[in-house]
Engineer: 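This is the structure I have questions about; it appears just below.
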Amino acid sequence: MIKFLDLPKINARFESQFKTEFSSFLDSGHYILGEGVKIFETNFASFCGTKYCIGVSNGFDALTLIFKGYLELGLLKKGDEVLVPANTFIASVLALIEAGLQPVFVEPNSETFNIEASEIKKHISKKTKAILIVHLYGQLCNTEAILKLANQNKLLVVEDAAQAHGALNESLNAKAGNLVNAAAFSFYPSKNLGALGDAGAITTNNTDLAKVILKLRNYGTSSKYKNDVLGVNNRLDEVQALFLNVKLQALNNDNLHRQTIAKRYIAEVNNNKIKLPQYNGTQNHVFHLFVVLVKNREDFIQYLFKNGIETGIHYPIPPHKQKALKRFNHLKFPITEKIHETCVSLPISPVMTDLEVDKVIKSLNSY
């Protein structure tokens with residue numbers, strides 16, 4: 001069976017280094033916000049090209065803290081509207097609600113699955129104060145056009161970069177995390193840069209925002225037992241920071257392997273029943289997921305499973321149709337709904353072999 005994502009095999013490459021780091025961690029006696037977190041923050045900021053990286057507990061908390069930071073700075077206020085893709089993982093929406101903001105859904109481009117300036121423009125109102133862009137599946141949004149629109153309307157722009165570690169906008173020569181005002185990353189184990197548990201980070205070049213988020217993530221403290229703002233406990237775990245430091249060194253090569261597999265899928269799969277993703281061949285897509293669209297999804301999934309190939313669905317239900325967000329259930333987004341009804345994620349990972357890719361391609365062409 002070709003696994004959808006073989007996490008044990010991915011992490012086995014680093015086992016000896018993990019054990020060394022964990023042994024040092026045990027001996028240190030410093031288990032919260034130690035040197036491991038500081039080193040990772042420095043390294044990941046350097047990787048993204050930003051001045052600041054703040055390690056936090058997970059990607060959801062990273063997004064929430066960015067918006068709470070802007071609230072604390074007075075650049076947003078409770079009830080402000082934030083434009084967000086209709087087709088995203090629900091965390092993007094929940095973070096806005098958690099921060100007391102009002103999400104306004106925007107339909108994506110049917111080819112890239114990302115929102116674009118032309119559609120965003122239709123939803124800007126006097127209440128709109130920010131745009132949350134999501135680099136879905138690992139592909140960067142058209143950031144330049146969105147930033148131009150945002151600047152014209154004096155809007156903040158935040159990246160949900162949870163799936164786009166290392167994706168590069170070649171024209172700007174800037175990576176995910178360094179494209180707009182601030183960015184949130186998830187290091188959930190399945191991500192391109194995945195921890196061995198929950199972890200996340202925020203990147204920004206804004207000194208004031210970085211300072212307030214550093215306080216917010218740790219009970220609002222500026223120094224021990226001195227609480228300046230109403231904060232929370234959203235700290236990056238020291239052990240996860242140590243593991244992430246190890247895996248960060250392999251991220252560029254891992255992304256290249258994903259892109260190589262994606263290029264083979266796109267070049268060699270020839271079946272009009274399967275709609276392949278759009279990809280221009282640059283570094284703007286790191287293929288956290290390789291998502292195709294098929295009309296009879298269950299039949300397709302069962303066919304691949306019988307042929308020894310696991311798949312995933314990202315995501316079966318769009319946020320506006322979730323029971324938890326019932327106040328949005330009446331809304332209709334045809335493009336989003338079609339994507340969620342027909343999307344299937346194929347195996348793609350840095351440890352897939354050529355033979356496994358061959359088998360997937362052969363099975364896809366025979367469907």
Engineer: Using modelled atom types and a 3.5 Å cut-off, is there a donor and acceptor pairing between side-chain atoms of R217 and backbone atoms of L65?
Structural biologist: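 Not a single qualifying donor-acceptor pair exists.
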Engineer: Is the ring centre of Y279 less than 6.0 Å from the ring centre of Y265?
Structural biologist: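 No: the rings miss the under 6.0 Å criterion.
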Engineer: With a 6.0 Å cut-off on the ring centroids, do F4 and H314 count as close?
Structural biologist: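 Between F4 and H314, the centre distance is under 6.0 Å.
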Engineer: Could you check whether N169 and S171, counting side-chain N and O atoms only, form a donor-acceptor pair closer than 3.5 Å?
Structural biologist: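 Looking only at side-chain atoms, N169 and S171 do form a donor-acceptor pair, the distance falling under 3.5 Å.
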Engineer: Listed by chain and number, what are the side-chain contact (heavy atoms from CB on, under 4.5 Å) partners of K51, not counting sequence neighbours?
Structural biologist: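 By the side-chain contact (heavy atoms from CB on, under 4.5 Å) rule, K51 matches N205.
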Engineer: Can we say K275 and E111 salt-bridge, meaning some charged N sits less than 4.0 Å from an Asp/Glu carboxylate O?
Structural biologist: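 Salt bridge present between K275 and E111.
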Engineer: List the residues meeting side-chain hydrogen bond (donor to acceptor under 3.5 Å, both in side chains) with Q240, not counting sequence neighbours, and say none if there are none.
Structural biologist: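 Testing Q240 for side-chain hydrogen bond (donor to acceptor under 3.5 Å, both in side chains), a comparison that skips the adjacent residues, returns none.
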Engineer: Working to the nearest 0.5 Å, report the span between CG of L101 and CD of E98.
Structural biologist: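 If I round to the nearest 0.5 Å, the distance is 10.5 Å.
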Engineer: Among I90, L94, N329, exactly one meets side-chain contact (heavy atoms from CB on, under 4.5 Å) together with Q322. Which residue is that?
Structural biologist: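 Result for side-chain contact (heavy atoms from CB on, under 4.5 Å) with Q322: I90.
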Engineer: Between T282 and N284, does any side-chain donor sit less than 3.5 Å from a side-chain acceptor?
Structural biologist: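 Note: T282 and N284 side chains meet the donor-acceptor criterion.
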Engineer: Quick one: sort the F287 and H285 rings into parallel, tilted or perpendicular, breaks at 30° and 60°.
Structural biologist: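 F287 vs H285 ring planes: parallel.
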Engineer: Using ring pair (Phe, Tyr, Trp, His ring centres under 6.0 Å) as the criterion, point out the one residue from F243, F60, F40 that pairs with F187.
Structural biologist: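 With F187 as partner, F243, F60, F40 yield a single ring pair (Phe, Tyr, Trp, His ring centres under 6.0 Å), made by F40.
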Engineer: List the atom pairs, donor and acceptor, that lie under 3.5 Å between side-chain atoms in residues 192-199 and the rest of the protein, sequence neighbours left out.
Structural biologist:
residue: N192; atom: OD1; partner: H288; partner atom: ND1; Å: 3.2
residue: N192; atom: ND2; partner: N255; partner atom: OD1; Å: 2.9
residue: N192; atom: ND2; partner: V286; partner atom: O; Å: 3.1

Engineer: Got a second to check how far L83's CG is from L155's CG, nearest 0.5 Å?
Structural biologist: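 So the CG of L83 and the CG of L155 are separated by 7.0 Å.
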Engineer: Quick one: CD on Q278 to CG on N109, what's the gap to the nearest 0.5 Å?
Structural biologist: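 CG of N109 is found 6.5 Å from CD of Q278.
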Engineer: Anything under 30° is parallel, anything over 60° is perpendicular, the rest tilted; go ahead and classify F333 against F105.
Structural biologist: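 Geometry flag for F105 against F333: perpendicular rings.
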Engineer: For ring-ring contact (aromatic ring centres under 6.0 Å, His included), just list the numbers for F185 and F44, CA-CA rounded to whole Å, side-chain angles, deciding distance to a tenth of an Å, and then say yes or no.
Structural biologist: CA-CA 11 Å; F185 287 89; F44 196 66; 4.9 Å; yes
Engineer: Does the side chain of N227 come under 3.5 Å of the side chain of Y219 through a donor N or O and an acceptor N or O?
Structural biologist: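 Looking only at side-chain atoms, Y219 and N227 do not form any donor-acceptor pair under 3.5 Å.
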Engineer: When H135 is tested against each of H165, E159, Q163 for side chain to side chain donor-acceptor pair (under 3.5 Å), which residue passes?
Structural biologist: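 Option passing the side chain to side chain donor-acceptor pair (under 3.5 Å) with H135: E159.
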Engineer: Using the side-chain hydrogen bond (donor to acceptor under 3.5 Å, both in side chains) rule, take T203 and Y52 through it: C-alpha gap first, then chi angles, then the decisive distance, then the call.
Structural biologist: CA-CA 6 Å; T203 56; Y52 306 103; over 6 Å; no
Engineer: Got a second to check how far E337's CD is from E107's CD, nearest 0.5 Å?
Structural biologist: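 It is 7.5 Å, given to the nearest 0.5 Å.
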Engineer: Among H30, E35, E238, exactly one meets side-chain contact (heavy atoms from CB on, under 4.5 Å) together with F25. Which residue is that?
Structural biologist: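 Testing each of H30, E35, E238 against F25, the sole residue satisfying side-chain contact (heavy atoms from CB on, under 4.5 Å) is E238.
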Engineer: Cation-pi check, K273 to Y367: give yes when NZ or CZ is under 6.0 Å from the six-membered ring centre and within 45° of the ring axis, no otherwise.
Structural biologist: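 Satisfied, under 6.0 Å and within 45°.
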